[in-house]
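Model, not experiment: these values are computed from the prediction. Because only heavy atoms are used, hydrogens play no part in the values below, and waters and symmetry mates are left out as well, while side chains stay in. Naming convention: chains lettered A, B, ... in sequence-line order (proteins, then strands); numbering from 1 in each chain.
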Amino acid sequence: MWRRLVRDRLLWLFLLPGLAYFLIFHLGAALGMGIAFTDYWPGGGIGEASWTGPGTFGRMFGDPDFWHAVLNTLEISLLQLVFFFPVPLALALLLHSLTSTTVKRFVQNVVYLPHFISWVIVVAVFQQILGGAGVLNGFLADNGMHTIDIIGNPDAFKPLLVAQIIWKDSGWGTIIFLAALSQVDDTLYEASVVDGAGPWRRFWHVTLPSIRPVIVLLLVMRLGEILSVGFEQVLLQRDAVGPAAGEILDTFVYYKGIVGGDFPYAAAAGIFKGLVGAVLVYAANKIAHRLGEQGVYR
Amino acid sequence: MSAEISRRSLLRAAGLAAGAVAIPSALGACGDGAKSGVGNAGAQLAPWPTYKPAKIPAPDLAGNASGLQHGYTKYPANLGTATSGVPGDGSKVRAVVITYGTPPAPKETNKFLQAINAALGINLELTVIPDADYQAKMATLMAGDDLPDLINFGGGYVLPREAEFVASKFADLSEHLSGDAVLAYPNLASIPGYAWKGMGRIKGRIMGVPVERPATGSLLYVNRQLWQGAGLADKAVSDGWTKAEFFAGAKALSKDRRYALGASKAGFFGFQVHCGAFGAPNLWKVENGAFTPTYATEEFKQALLFMRDLQSAGAYYPDAMTVSQVDAKTQFAGQTTASITDGFGAYQTLIPAAKGAYDVVPALPYQGGASGAKQWASRGIFGYTVIKKAPAERVKMLLRVLDFLSASFGTKEYELLHHGVEGTHFTRNSSGAPVQTETWTGGENRVNLPVGYLGDAPAVLYYAGVTPAQITAMHSFERKTEAGLVYNPAFGLTSDAASRSEAGIKKAITDALVAFVSGRSTVSDWDNAVKKYLADGGSKMAEEYAKEYAAAN
């Protein structure tokens, strides 16, 4: 053990900054979860807080607003899983099938760009186009047609969120898939062409099996974040549709903790979120193993 | 001079979090007994500071000591001096204030800051917190133990446990300011009584220095030419509209991508104006010593129903709940909207923003109901500044700094703080009035360097860039609405329940308000939201306010 440490000392040295980051800002900060069991308030300091036990969790689990936020989060997460998750994959396949590297590079650069635009701008652009006073409705009204209510319409809110994330991040999401696609052995394609396989069969029997481990890996990791659906994106738009449609777990925690000052409650909700994520990753990984996949870890 | 978090404070925050688990368990049994309440009932009350108005130039439009401002149609010819000597001791003073501007330029290049530092005799290190981040940043600041020398709590926010925080971490200023002691700081003594009362005491003690504002609260500013088109502008200024006139006018004006009522997500469809017009109490009603929140009154509900009708008639800007107040002002300036709800002081930005293309006039409250046409009063302050606990000498030095910042209109100190340095930030026109230079309008100004939120003179009606006629119109509005001002009986009262739960339940009730006016919820949904408000802390607040009210009156 010690000898291995000495032998790999350079590698450990490289690891150190990353390790320090996780120790201080993740593990260290995670100890702050303790405030969920106290009556801590920000101005009072940790020293003055007194132990209240798990009562905060009882209060949280009995709060319909909390469950409402959880439900909204799950709904959005599910919509994202079904409608957003496959888009980068499809886009990557499309890009991969391009033969001209110039065109490919150009398209890649264009689809990456929206990722670097902040949510404030993305949301503003969507509002300028789809809002009640926006471009689309202005055009419809000018031409004597019925206007459509999208921004501020609670029923359209969740699909709108998914549409925004598809526009913003599907290009960025192709990176890992493209890397996986470039790893597929070209001789496999050549062999299947010789055997008379068309494009669809080549995709089904060569491409997909080759990148399946990556897809499963990303899917499992996504499940771990099932209760995180884009805090900033939702916070910016929640007020327009109200909490009934727009409150997610993260905004709920923000309003309880930062705005409302109920830090123990916010910490309890954070613990709940972390536990759900951990359990899901663990379970999904197990299932992946059963299905003969590598999963995230062994 | 930045709103960024330093590496050191980040590490400290992480360390703080790491200590979170170990210590509370060790302290286990200490109950709430150690933390006494913040209320004034039963406490010995420090007398309010003696009011001694400063000698100011005779106003053209006279005000009074209960919140009607003095108006000046011309700049005073001879400026006085409000202070003697340099207040500071050359030390570094760290201060935190809210801002509605962009971050100021660093002090190496910022001539406005350099001049203020020289005049105050301190090295001011100002951290500005953008309005949108105020609640989050202040919560972080409260959680850390690295407090600045001065903090202004203001901008209309009430932070959770603000009163408890102030009581435990900041200097008790009573011995310096109570009664005649304030006369050592003549400019603080010229802050009128309603401002001190609006700030209130905590546990009977005076904990801060208020930044005064006139009594008039939020009002409806209208684009005179557009409303003239609906045949209504003159009546808005002379006697106020009836409810039906207002509704018909607003509906008629809203067409061809123009909307009668501008609104933002900060103003909740301008409910303060409409609820005032319908005669709803200003946040709290006191009757026979019992307190009721305005949300639970019939007048408030009637106002919401009317706002909902306005909304479904298309009178509001359709995406009101997606725009910030800053954007709403831009829409008003661009005549996309024909009115806007804003605080009284907003005339200073709304009128110049029109660039003479149209007239901005304050609309008198319309006749909403039987007891209608009322105007909600403000708290009488923008906020209040507290001083970190320190040796008496330092507290006195910081009070002298606040005293300087509060120098009244018509003094050299006021001119420096409000107009900058002559030759750099302003020049004088033929009558001696300051005219802003490009350095000032280009960014080196009071909006971006908001020292005025640490301390300020009692506000007067005068602003470079606003004409005498417009000043007269604003003054006439203040005079006409003065009799109908509705005060919040809870302003200046302190309640433990309010300190703990108000910030949280306010979000829920405004969410319900927006849902109702937007037509997404029913009257019974609103009634349920009000019940929840009462159950989640509203009733407790009412009880405590009643006790405080009885003790104070």
Side-chain angles (χ1 to χ4, degrees), chain A residues 23-25 27-35 37-52 65 123-124 127-128 131-134 137-138 141-142 147 149 151-154 236-245 247 254-263 265 267, chain B residues 10-11 13-25 27-32 34-35 135-136 138-145 159-162 164-166 168-169 257 259 265 317-323 331 336 499-501 503-508 511-512 514-515 518 520-521:
Chain A
L23 281 178
I24 295 170
F25 292 107
L27 208 62
L31 290 176
M33 289 192 298
I35 64 172
F37 302 93
T38 68
D39 63 355
Y40 170 82
W41 65 283
I46 298 291
E48 287 171 35
S50 44
W51 192 256
T52 55
D65 291 346
V123 166
Q127 282 165 359
Q128 291 289 324
N137 280 319
D142 289 349
T147 54
D149 182 20
I151 305 287
N153 176 358
L236 286 164
Q237 307 181 78
R238 169 203 179 278
D239 284 348
V241 293
E247 193 85 284
Y254 175 78
Y255 288 120
K256 273 284 175 203
I258 302 289
V259 176
D262 196 342
F263 274 60
Y265 193 121
Chain B
L10 251 185
L11 287 172
L16 181 88
V21 169
I23 304 162
S25 51
L27 286 174
C30 310
D32 263 324
K35 293 174 234 153
Q135 296 176 85
M138 288 302 278
T140 321
L141 185 90
M142 283 165 78
D145 54 0
L159 299 167
R161 312 251 190 149
E162 183 177 304
E164 282 160 281
F165 180 61
V166 168
S168 68
K169 297 286 162 76
R257 297 207 212 172
Y259 308 93
K265 58 179 166 187
Y317 181 76
D319 303 322
M321 283 310 291
T322 67
V323 294
Q331 289 165 354
T336 302
S499 182
R500 271 157 206 239
S501 54
I505 58 178
K506 207 169 147 190
K507 180 72 192 163
D511 276 341
V514 170
S518 306
R520 292 199 303 266
S521 67

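Within the 4.5 angstrom heavy-atom criterion, atoms from both the backbone and the side chain of B:Ala136 approach chain A. Heavy-atom distances place the backbone of A:Leu236, and not its side chain, under 4.5 Å from chain B.
Note that CD1 of A:Ile258 and OG1 of B:Thr140 are 5.5 Å apart. Values are rounded to the nearest 0.5 Å. Rounding to the nearest 0.5 Å gives a distance of 9.0 Å between OG1 of B:Thr322 and CD of A:Gln237. Distance check: B:Ser499 OG to A:Trp41 CH2 gives 7.0 Å after rounding to the nearest 0.5 Å.
Using modelled atom types, no side-chain atom of B:Arg520 and backbone atom of A:Pro154 make a donor-acceptor pair closer than 3.5 Å.
Highest contact tally toward chain B, considering only A:Asp149, A:Ile151, A:Asn153, A:Asp142, is held by A:Asp142 [criterion: heavy-atom pairs under 4.5 Å]. Among B:Lys169, B:Gln135, B:Lys265, B:Met138, the residue with the largest count of heavy-atom pairs under 4.5 Å with chain A is B:Gln135.
Residues that satisfy the side chain to side chain contact (heavy atoms under 4.5 Å, CB included) test with B:Lys506, not counting sequence neighbours, are absent from this structure. In this view, A:Phe37 and A:Trp51, A:Phe57 satisfy the ring-ring contact (aromatic ring centres under 6.0 Å, His included) rule, not counting sequence neighbours.
Ion pairing between B:Asp511 and A:Arg238 holds under the 4.0 Å rule for side-chain N and carboxylate O.
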(message) Using the rule given for salt bridge (Lys or Arg N to Asp or Glu O under 4.0 Å), can you reason through B:Arg161 versus A:Asp262, listing the C-alpha separation, both sets of side-chain angles and the distance that settles it, and then say yes or no?
(response) CA-CA 10 Å; B:Arg161 312 251 190 149; A:Asp262 196 342; over 6 Å; no

